[in-house]
Each structure stands twice: as structure tokens, then as C-alpha cells.
Visitor: 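Below is the structure I would like to discuss, written out as C-alpha cells.
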Amino acid sequence: MIVATWNVNGVRARTDAVIAWFTERRPDIACLQEIKTQDEGFPREAFEALGYHVETHGQKGFNGVALLSKEKPEAVTRGLPGGEGDEQSRYIEGLWRINGKPLRVASIYLPNGNPVGTEKYPYKLDWMARLERHASDLLERYEALVLAGDYNVIPEPIDAKHPQAWVEDALFRPETRRAYRRLVNLGLTDALRATTDADGTYSFWDYQAGAWQKNNGIRIDHLLLSPEAASRLSGAGIDKHVRAWEKPSDHVPVLIDLTA
DNA sequence: ATGGCTAAGGCACTTAGA
């Protein structure tokens with residue numbers, strides 16, 4: 001089965017492209033980020049017509065995450081635990097039962113954190129600490145778990161065309177990478193890096209300055225797997241061709257294949 | 001990327017993204 005993550009940069013502006021990709025790829029579970037709409041504005045009928053269940057955690061204008069799936073989830077929770085007064089919609093988690101076995105999948109839109117030096121950067125680091133605590137709790141369940149989304153983290157120099165240009169950026173600063181490593185070191189597997197060590201493997205290309213044409217990209221969209229999920233990993237990939245479509249998102253879908 | 005583009009809100013321009 002295919003589990004995918006995609007920051008669509010506005011699902012209303014992107015409905016045709018997102019539907020085209022769903023039709024082509026037919027993911028079993030898809031995690032969307034930056035839907036940029038409240039729940040009632042999500043074009044759910046278009047996806048239901050393709051046979052998908054739609055669960056949203058929207059917000060007016062910015063952020064917003066969703067879980068779309070062929071099978072109806074058994075349970076859904078909205079919001080990352082531990083965020084008293086956090087009004088930003090950046091986390092939704094679903095639980096499915098596939099052939100009697102639990103599969104838990106979260107759609108994550110981790111804060112960008114720029115500009116460093118404003119309140120946005122400590123908000124990012126605090127959010128990452130909350131995610132680490134929650135992941136630690138979930139791992140105690142010993143379930144197949146997929147934490148998928150736009151992490152806004154460049155894990156290693158190989159994950160950027162020009163890593164030196166990012167060293168002071170919130171996506172690549174040492175504190176950011178350290179927090180990301182703490183999360184991974186709980187026992188999670190970066191699905192894409194489990195299947196390839198190739199450089200030039202990116203999930204985001206800026207709209208500006210011909211970044212796409214020059215393959216000036218970064219890899220910031222990740223699927224992190226619990227041991228129970230990692231042992232079922234049979235492939236991982238990036239649907240890079242989607243970036244060349246009309247009116248594309250600046251991110252492309254990243255996906256994994258899990259054996260039953 | 002010290003920002004060249006894009007989406008959304010709401011109707012001229014600002015905010016946010018990475």
C-alpha cells in the first residue's frame with residue numbers, strides 16, 4: 001500500500017493538479033499540508049468522487065493539514081499534544097486497521113521558523129520538542145507508525161543543492177538539525193534515505209530565480225517510520241514530474257510502499 | 001534566498017512561505 005505526503009500550497013488553487021495526481025498515483029493514504037483553507041472550504045466532493053475519505057484540520061488563510069484515504073480511519077485526532085494556546089493547524093493523526101493490524105499515520109506541517117531572531121524560531125524549536133515527546137509516546141505502542149509531512153528541515157548537506165547557502169536558515173541551523181536528529185534517534189527510519197543515498201534528491205524547489213530549471217532544490221518533506229513500519233518498507237520515491245505541471249505547488253509528493 | 005514568485009484575504013496591498 002502507498003502512503004504519501006504532499007505540501008500542496010493551497011488546495012483550492014491546486015484542486016485540478018491534486019486530483020490529477022490522485023488519479024494517476026491512487027495513494028492508499030495521503031497526507032496533505034498547507035491546504036490554506038478552513039474545513040468547510042476543502043473541495044471534499046472532488047475527492048469523495050474518486051473514492052476517498054477526507055479528514056481535515058483547516059485554518060483560515062494559512063497552514064492546514066488533511067488525511068485522505070481509501071479506507072475510512074477508525075479514529076482521528078487533531079492538533080499536536082502539549083500546545084496550550086497554539087491556534088495553528090499543523091497536525092492531524094489517523095488510525096487505520098489493515099488486515100487486522102493497526103497503522104497510524106500523521107500529517108505534519110512543522111513550522112518554518114524564519115526569520116531566525118523573531119518569535120517564529122523558538123516556536124519552531126518548541127513545536128519540534130512537542131513532536132519528539134508525542135512520537136516517544138506513540139512508539140511505546142509498538143504499532144506501524146508513519147510520521148509524514150513537511151518538516152521544514154534539511155537533515156544533511158546532501159539534502160540541498162547549495163547547503164552553504166542555508167547554514168543560517170531556520171531549515172538548516174544546527175539547533176534545527178539537532179532537534180530533528182533527537183526525533184529520528186528515538187528509533188525512527190527516514191524512509192527515503194533507507195532506499196537511496198543519491199544526491200540531487202529533493203522535494204521542494206523555490207518558485208523564484210529558476211530554481212526548478214537549475215535543480216536548485218532541498219529535501220524537506222519526510223516520512224519517518226517506526227520499526228514496525230520500517231520492516232514493511234518495500235520502496236520509497238518522489239513524484240518529481242509533478243513540479244513541471246501547470247501552476248505547480250513548490251513541493252512534490254513523496255511516497256512509500258508498505259507490504260501488507 | 002539580503003527574496004527574482006505565489007496564495008489568500010478582500011479589493012490595495014500585506015502577510016507568509018522556505
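Within every chain, numbering begins at 1; the chains are lettered A, B, ... in the order of the sequence lines, protein sequences first and strands thereafter.
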Visitor: Checking all strands, does A209(A) fall into the base, sugar-phosphate, or nothing category for heavy-atom contacts under 4.0 angstrom?
Guide: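 Base contact - A209(A) has a heavy atom under 4.0 Å of at least one base atom.
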Visitor: So which one's nearest nucleotide on DNA chain B is more toward 5', D250(A) or G10(A)?
Guide: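 Closest to the 5' end, via its nearest nucleotide, is G10(A).
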Visitor: Which of these, V65(A), V146(A), L67(A), sits in a side-chain contact (heavy atoms from CB on, under 4.5 Å) with C31(A)?
Guide: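 Filter result, single survivor: L67(A).
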Visitor: dT15(B) P sits how many Å from E119(A) CD, rounded?
Guide: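 Distance, rounded to whole Å: 13 Å.
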Visitor: Give, for atom CZ of R178(A) and atom CG of L183(A), the distance between the pair rounded to the nearest 0.5 Å.
Guide: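 Going from the CZ atom of R178(A) to the CG atom of L183(A) covers 15.0 Å.
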Visitor: For K214(A) and dC5(B), give me the distance from atom NZ to atom C1', rounded to whole Å.
Guide: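 Answer to the nearest Å: 13 Å.
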Visitor: Under 4.0 Å: is that the gap between some side-chain N or O of N152(A) and OP1 or OP2 of dA18(B)?
Guide: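 For dA18(B), OP1/OP2 do have a side-chain N/O of N152(A) under 4.0 Å.
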Visitor: For D206(A), which contact category applies under a 4.0 Å heavy-atom criterion: base, sugar-phosphate, or nothing?
Guide: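 Contact class for D206(A): base.
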Visitor: Is R90(A) close enough and on-axis enough to Y109(A), meaning under 6.0 Å and within 45°, for cation-pi?
Guide: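 Yes, a cation-pi geometry holds between R90(A) and Y109(A).
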Visitor: Just checking D137(A): does its CG atom have more than 12 heavy atoms from other residues, nucleotides or ligands closer to it than 6.0 angstrom?
Guide: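 Correct, the count exceeds 12.
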Visitor: Between P on dG9(B) and CD1 on I35(A), what's the gap in Å once rounded to a whole number?
Guide: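 Distance check: I35(A) CD1 to dG9(B) P gives 12 Å.
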Visitor: Rounding to an integer number of Å, can you tell me how far K124(A) NZ sits from dA16(B) C1'?
Guide: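 Value for this atom pair: 14 Å.
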Visitor: Between N63(A) and dA16(B), does any side-chain N or O lie under 4.0 Å from OP1 or OP2?
Guide: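 Indeed not, no polar side-chain atom of N63(A) lies that close.
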Visitor: How about W21(A) and W245(A): are their ring centres within less than 6.0 Å of each other?
Guide: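 That pair fails the under 6.0 Å test.
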Visitor: Quick one: Q38(A) CD to dA8(B) C1', roughly how many Å, whole number?
Guide: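 Rounded to whole Å, this separation is 12 Å.
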Visitor: With a 4.0 Å limit, can you tell me whether K247(A) has a side-chain N or O closer than that to the phosphate oxygens OP1/OP2 of dA7(B)?
Guide: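 K247(A) to dA7(B) OP1/OP2: side-chain N or O found under 4.0 Å.
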Visitor: Report yes if at least one side-chain N or O of R90(A) is closer than 4.0 Å to OP1 or OP2 of dG17(B); otherwise report no.
Guide: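 So the side chain of R90(A) is within the cut-off, an N or O lying under 4.0 Å from OP1 or OP2 of dG17(B).
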Visitor: Rounded to whole angstrom, note down the C1' distance from dA7(B) over to dT2(B).
Guide: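 The same atom, C1', in both gives a distance of 24 Å.
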Visitor: Using a cut-off of 4.0 Å on non-hydrogen atoms, how would the nucleic acid contact of A211(A) be classed: base, sugar-phosphate, or nothing?
Guide: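 Base contact.
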Visitor: Grab the CZ-C1' distance between R243(A) and dA18(B) for me, whole Å please.
Guide: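 It is 12 Å, rounded to the nearest whole Å.
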Visitor: Taking the nucleotide of DNA chain B with the closest heavy atom to each, which residue, Q59(A) or F204(A), is nearer the 5' end?
Guide: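 Checking each residue's closest nucleotide, the 5'-ward one belongs to Q59(A).
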Visitor: Using OP1 and OP2 only, check whether a side-chain N or O of R12(A) sits under 4.0 Å from dG9(B).
Guide: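 For dG9(B), OP1 or OP2 has a side-chain N or O of R12(A) closer than 4.0 Å.
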Visitor: Does H251(A) put a side-chain nitrogen or oxygen below 4.0 Å from OP1 or OP2 of dA18(B)?
Guide: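 H251(A) to dA18(B) OP1/OP2: side-chain N or O found under 4.0 Å.
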Visitor: Between dA18(B), dA16(B), dC5(B), spot the one nearest the side chain of Q208(A), thanks.
Guide: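 From the listed options, dC5(B) comes nearest.
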Visitor: Give me the distance, rounded to whole Å, that separates dC11(B) from dT15(B) when you measure between the P atoms they each carry.
Guide: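 Between the two P atoms, the distance is 15 Å.
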Visitor: Touch check for N7(A), heavy atoms < 4.0 angstrom, all strands: base, sugar-phosphate only, or nothing?
Guide: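 Since only primed, P, OP1 and OP2 atoms lie under 4.0 Å of N7(A), the category is sugar-phosphate.
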Visitor: Check whether any side-chain N or O of K120(A) sits under 4.0 Å from OP1 or OP2 of dG17(B), and answer yes or no.
Guide: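 True: K120(A) side-chain N/O within range (under 4.0 Å) of dG17(B) OP1/OP2.
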Visitor: Taking all atoms of both residues into account, what is the closest heavy-atom pair of R232(A) and A144(A), and its distance?
Guide: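 Nearest heavy atoms, R232(A) then A144(A): NH1-CB, 3.7 Å.
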Visitor: Would you measure the distance from the P atom in dA18(B) across to the matching atom in dA12(B) and give it in whole Å?
Guide: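 So the two P atoms sit 29 Å from each other.
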Visitor: Considering only dG17(B), dA8(B), dA18(B), which nucleotide approaches the side chain of Y207(A) most closely?
Guide: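 Within the option list, the nearest is dG17(B).
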Visitor: Counting the benzene-type ring for Trp, do F47(A) and F42(A) have ring centres under 6.0 Å apart?
Guide: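 Centroid distance F47(A)-F42(A): below 6.0 Å, so yes.
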Visitor: Could you tell me the separation between the CH2 atom of W212(A) and the P atom of dA18(B), rounded to a whole number of Å?
Guide: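 Roughly 18 Å, once rounded to whole Å.
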Visitor: Does dA16(B) have OP1 or OP2 sitting under 4.0 Å from an N or O in the side chain of Y109(A)?
Guide: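 Answer is no, no contact under 4.0 Å.
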Visitor: Could you state the atom-to-atom distance from NE2 of H222(A) to P of dA18(B) in whole Å?
Guide: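 These atoms are roughly 12 Å apart.
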